[in-house]
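In what follows, a structure is listed as structure tokens, so that the remarks can point back to it.
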Amino acid sequence: MPVDASNALLRWYAVDKRRLPWRAEAGERPDPYRIWLSEVMLQQTTVAAVRPYFEAFTSRWPKVADLAAAPEADVMAAWAGLGYYARARNLVACARKVAGELDGIFPDSEAALRALPGVGRYTAAAIAAIAFGRRAVVVDANVERVVSRLFAVEEALPGARERLYALTDALTPEHGAGDFAQAMMDLGSGICTPRSPDCGRCPVAAICAARARGEQERFPVKAPKRARPRREGVAYWLEHDGHVRLVRRPKQGLLGGMLALPTDDAPAEVPWREAGSVDHVFTHFALTMRLLCAESDRRDDGIWWPIERIDEAGLPTLFARLAARGSAWREAA
DNA sequence: GACTCGTGGGT
DNA sequence: TACCCAAGAGT
């Protein structure tokens, strides 16, 4: 990036950067554990959604050794509602690897970070640059949008990904790559937004090819998406003596490793009653799940959770909504 | 490279 | 309403 534009970007960042719980204040040294935790939470997830989870995790598990010592089920439950639950399992695996094999010290090179569970190209680069001051090429969706506009890249995503990476590499300074990356991300988040970008406030508008053409909203070009199929399913609310039957879902697949209501196969041979349905939208399909409710006269050796404390079970959102319906059915009965 | 994998907010 | 989007990773 031309020196003038780079300086303008960094000056803008120095004044207008977001204050975030995981960001070191001026003069503070960034904590690799907190940087790593925030980066994993922020994968495909908004800052607003992450904030309360980050506060809860760092209060409960202040250091990587604390997280490594936690039962996986506790971490999964604490992650409930944040989505993409493979991240939570990888989070525990990564913490245990760092605490157990690396003396509790996060690696400071991209290659070594990349070898940790749940740490891909973006996250390894972000940690190396932000936590350790390394030069690394940090490309997230914000940077892709900003760079695609700066250079008016006509090639569509995701095919353009390597080109955008190379362009970002050329822009990234030898020193201060962490601030550069965070400046680009804040720019994308607050000014160079997907719709109605605020070019009048943009510190690098002068070098923006898309802006020069008045076509900033046309970038990044994206490949058309597939239609989202609609599916249907059944969940079961089976209660006995103030408890409801839950299951631990298999580690692989949708909502893997999470507690949930039984689905597909009825957990008991009892007369089931319809209790409505819940519509829920996942990334790649929309689901309508019916809820069948019943009372059991006995308690098998599965998981039975006290209904009064169902909100503490750590159910993913779909099942939390179904459980709310089940509780309502119970109150009405 | 295509596909899977959540959720909530904005428009 | 329906669609878009988000500090992506793993298979």
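All values below were derived from every heavy atom in this structure, side-chain atoms included, with hydrogens, water molecules and symmetry-related copies excluded. In what follows, chains are A, B, ... by sequence order, proteins preceding strands, each numbered from 1.
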Below 4.0 Å: OP1/OP2 of B:dC5 and any side-chain N or O of A:R249: no
Distance, P atom - from C:dA9 to B:dG8, rounded to whole angstrom: 22 Å
Separation between the P atoms of B:dC5 and C:dA7, rounded to whole Å: 23 Å
Partner residues of A:N142 under the side chain to side chain donor-acceptor pair (under 3.5 Å) criterion, sequence neighbours left out: A:D140, A:R145
Sugar-phosphate, base or nothing in reach of A:R321, heavy atoms under 4.0 Å: nothing
Salt-bridge contact A:R23-A:E28 (side-chain N to carboxylate O under 4.0 Å): no
Touch class at under 4.0 angstrom, heavy-atom based, for A:P158 against every strand present: nothing
Where protein sits on nucleotides 5-11 of chain C, one letter per nucleotide: B base, S sugar-phosphate only, - none, heavy atoms under 4.0 Å: SBBBSS-
Sugar-phosphate, base or nothing in reach of A:L82, heavy atoms under 4.0 Å: base
Presence of salt bridge, A:E39 and A:R87, under 4.0 angstrom: no
Ring center gap for A:F282 and A:H284 short of 6.0 angstrom: no
5' precedence on DNA chain B between A:L255 and A:G159 (nearest-nucleotide basis): A:G159
B:dG6 OP1/OP2 closer than 4.0 Å to side-chain N/O of A:H280: no
Verdict with supporting geometry, A:F54 and A:F57, ring-ring contact (aromatic ring centres under 6.0 Å, His included): CA-CA 5 Å; A:F54 182 83; A:F57 270 63; 8.9 Å; no
Touch class at under 4.0 angstrom, heavy-atom based, for A:G81 against every strand present: sugar-phosphate
Rounded distance (Å) that lies between atom P of B:dT7 and atom CH2 of A:W79: 13 Å
Hydrophobic cluster identity match, A:V221 and A:L150, side-chain contacts under 4.5 Å: no
Nearest-Å distance for atom pair CG/C1', residues A:L318 and B:dC5: 14 Å
Over all atoms of both residues, closest heavy-atom pair of A:L315 and A:A320: CB-N, 3.9 Å
Atom pair distance, as rounded to whole Å: CZ in A:F282 and P in B:dT7: 6 Å
N or O in side chain of A:H284 less than 4.0 angstrom from B:dC5 OP1/OP2: yes
Interatomic distance, A:L287 CG vs B:dG6 C1' [rounded to whole Å]: 12 Å
